[in-house]
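Taking it in order: structure first as structure tokens, then the write-up.
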Amino acid sequence: MEELGELPRVGPVLAQRIVDWRTQQGPFKSPEELDAVDGVGPKMLETLLPLVTV
């Protein structure tokens, strides 16, 4: 979770939501699935896509 907090615009609350989603749904199949996490909208997704891999 610490690594998630290093991403731009991702604070501790959003990082926890991402971890919780992954715990409940299983691993992300693609970075685009991040938009399913509450708090990740189109602009946030656009910022994160070049920075994350699955």
Side-chain angles (χ1 to χ4, degrees):
M1 191 164 85
E2 188 175 308
E3 291 176 3
L4 290 171
E6 295 175 8
L7 292 169
R9 301 175 54 185
V10 177
V13 172
L14 184 54
Q16 187 61 55
R17 287 181 188 161
I18 292 169
V19 170
D20 291 346
W21 189 95
R22 189 177 58 204
T23 300
Q24 295 169 1
Q25 307 295 323
F28 290 96
K29 293 177 181 69
S30 71
E32 289 80 10
E33 280 191 316
L34 282 168
D35 72 348
V37 177
D38 187 34
V40 177
K43 292 243 182 214
M44 171 73 77
L45 186 61
E46 184 180 320
T47 300
L48 296 177
L49 283 179
L51 305 173
V52 297
T53 59
V54 293

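Sequence positions, counted from 1, serve as the residue numbers for this chain. In this text, all values refer to a predicted model and were calculated from it rather than measured experimentally.
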Handout entry: Partners meeting side-chain contact (heavy atoms from CB on, under 4.5 Å) with P31 (sequence neighbours left out)
Key = L49, V52, V54

Problem - Hydrophobic cluster membership, V13 vs L45, 4.5 Å side-chain cutoff - result: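 The answer is no; the residues belong to distinct hydrophobic clusters.
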
Practice task
Using the side chain to side chain contact (heavy atoms under 4.5 Å, CB included) rule, pick out the option among D38, L7, L34 that qualifies with I18.
Solution key: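 Of the listed residues D38, L7, L34, the side chain to side chain contact (heavy atoms under 4.5 Å, CB included) partner of I18 is L34.
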
Problem - 4.5 Å side-chain heavy-atom contact, V10 and L48 - result: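 V10 reaches L48 side chain to side chain.
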
Handout entry: Side-chain heavy-atom pair R9, K43 within 4.5 angstrom cut-off
Key =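 Result yes, sub-4.5 Å side-chain heavy-atom pair found.
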
Exercise for the section: Examine distances only and state if a side-chain atom of R17 and a backbone atom of V37 form a donor-acceptor pair shorter than 3.5 Å. Expected result: no

Problem - Short side-chain donor-acceptor distance under 3.5 Å, D20 and Q16 - result: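 Side-chain D/A pair, Q16 to D20: present.
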
Exercise for the section: List the atom of G5, the atom of A15, and the distance in Å for their closest heavy-atom pair. Expected result: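 For G5 versus A15, the nearest heavy atoms are N-CB, 4.4 Å.
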
Problem - E33 to K29 - nearest heavy-atom pair and separation - result: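 Scanning both residues, the minimum pair turns out to be OE1-N, 2.5 Å.
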
Handout entry: All pairs passing ring pair (Phe, Tyr, Trp, His ring centres under 6.0 Å) where residues 27-54 contributes a residue, at least two apart
Key =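 Counting only pairs at least two positions apart or across chains, the ring pair (Phe, Tyr, Trp, His ring centres under 6.0 Å) contacts touching residues 27-54 are W21-F28.
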
